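Before any comments, here is the structure.
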Protein chains: 2
Amino acid sequence: MGATKTEHFTSGQNQIASIAKALGHPARIAIIEHLLKVNECICGDIVNELPLAQPTVSQHLKELKSAGLIKGTIEGNAICYCINKESIELINSYFTGIIKKLKESDCC
Amino acid sequence: MGATKTEHFTSGQNQIASIAKALGHPARIAIIEHLLKVNECICGDIVNELPLAQPTVSQHLKELKSAGLIKGTIEGNAICYCINKESIELINSYFTGIIKKLKESDCC
DNA sequence: ATACAATATTGCAATATTACGATTATTTCT
DNA sequence: AGAAATAATCGTAATATTGCAATATTGTAT
């Protein structure tokens, strides 16, 4: 045990969970917020910004990228990272949908 | 190593991350979606709904509750769970804010 | 009180995550 | 070509998460 039973859940549930999971670490929230502030930047800038070593930042970037939250394009010997707007819109509309359904009734 | 360096990040970043983290598992998304469908229910209903044992469901409920995503009120010998609208609204407005800022500029 | 029903807690094994030093590509600039 | 800059990957230690059987707790009914 210890492994998540992904196969028992719908692909929609797994997709939302994987985006949320990628955002479930303060360093990755900090990366998103930094990208939001500067629009786009390279890994080294984030290493300077955060109290984490370069391999750690690189690993966090990889997770954000594989969840579709950021994009990276090669620019010379550096890689330019930026937020992938679509993924934020996807999860935002998921929550908006929840709120809409919640408005209809009250709870305990 | 292995432990998240929460102390290096802002309380806002930690709060968003902890809500996102709680939603970062398909079983917990499934619980939220079930609660959304039935408005409120007891732990046993969720155990019947999900392919997980009772202690596992109980643990997931605990994590959702400690992240503030659900509320539980004692009703006899059962506990009635429901979604805490405020927490969903909080994370939703966080993403809405990101999208607004993203609209202003384009990226790589 | 006793039995039952609903959940929480404990303890543990399997697996995943976090963090980083060391190393390895890859590109750019002399 | 050689040095510098940038970032990914490898290996590994520390810690956290997931899942469940067994047990404990709490309230309800008989």
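Just so it is clear: chains get the letters A, B, ... in the order the sequence lines come, proteins before strands, and each one is counted from 1. Heavy atoms only: backbone and side chains are in, while hydrogens, waters and symmetry mates are out. Being a predicted model, the structure only gives us computed values, none of them experimental.
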Same apolar cluster: I32(A) and V38(A), side chain cutoff 4.5 Å: no

I74(A) side chain near I79(A) side chain, heavy-atom distance below 4.5 Å: yes

Candidate nucleotides dG27(D), dA5(D), dA8(D), ranked by approach to the side chain of N77(A) - the nearest: dA5(D)

Residues in contact with DNA chain C, drawn from residues 10-31 of chain A - heavy-atom cutoff 4.0 Å: K21(A), H25(A), R28(A)

Sugar-phosphate, base or nothing in reach of T4(A), heavy atoms under 4.0 Å: sugar-phosphate

Contact summary for P26(A) and T6(B), nearest pair of heavy atoms: CG-CG2, 4.4 Å

Touch class at under 4.0 angstrom, heavy-atom based, for T56(A) against every strand present: base

Between dA7(D) (P) and H60(A) (NE2): distance, integer Å: 16 Å

Minimum-distance pair of heavy atoms, taken over all atoms of A22(B) and L64(B): O-CD2, 3.9 Å

Separation of dA14(D) C1' from K5(B) NZ (nearest whole Å): 13 Å

Distance in angstrom units between Q59(A) CD and dA13(D) P, rounded: 16 Å

Closest approach of I19(B) to S87(B) (non-hydrogen atoms, all atoms of both residues): CD1-O, 4.4 Å

Shortest non-hydrogen contact from L35(B) toward I70(B): CD1-CG2, 3.7 Å

Geometric class of the H60(A)/H25(A) ring pair [parallel <30°, tilted 30-60°, perpendicular >60°]: tilted

Between C1' of dA8(D) and CG of L61(A), the distance in whole Å: 11 Å

Hydrophobic cluster identity match, I42(B) and I83(B), side-chain contacts under 4.5 Å: no

Nearest-nucleotide 5' precedence on DNA chain D, I42(A) against T6(A): I42(A)

Neighbour count above 12 (heavy atom, 6.0 Å) for E7(A) CD: yes

Outermost DNA chain C nucleotides near chain B [under 4.0 Å, heavy atoms]: dA5(C) to dC20(C)

Residue whose nearest DNA chain C nucleotide is more 5′ - A3(A) or Q54(A): A3(A)

Sugar-phosphate, base or nothing in reach of I74(B), heavy atoms under 4.0 Å: nothing

E75(B) vs Y81(A), nearer the 5' end of DNA chain D by closest nucleotide: Y81(A)

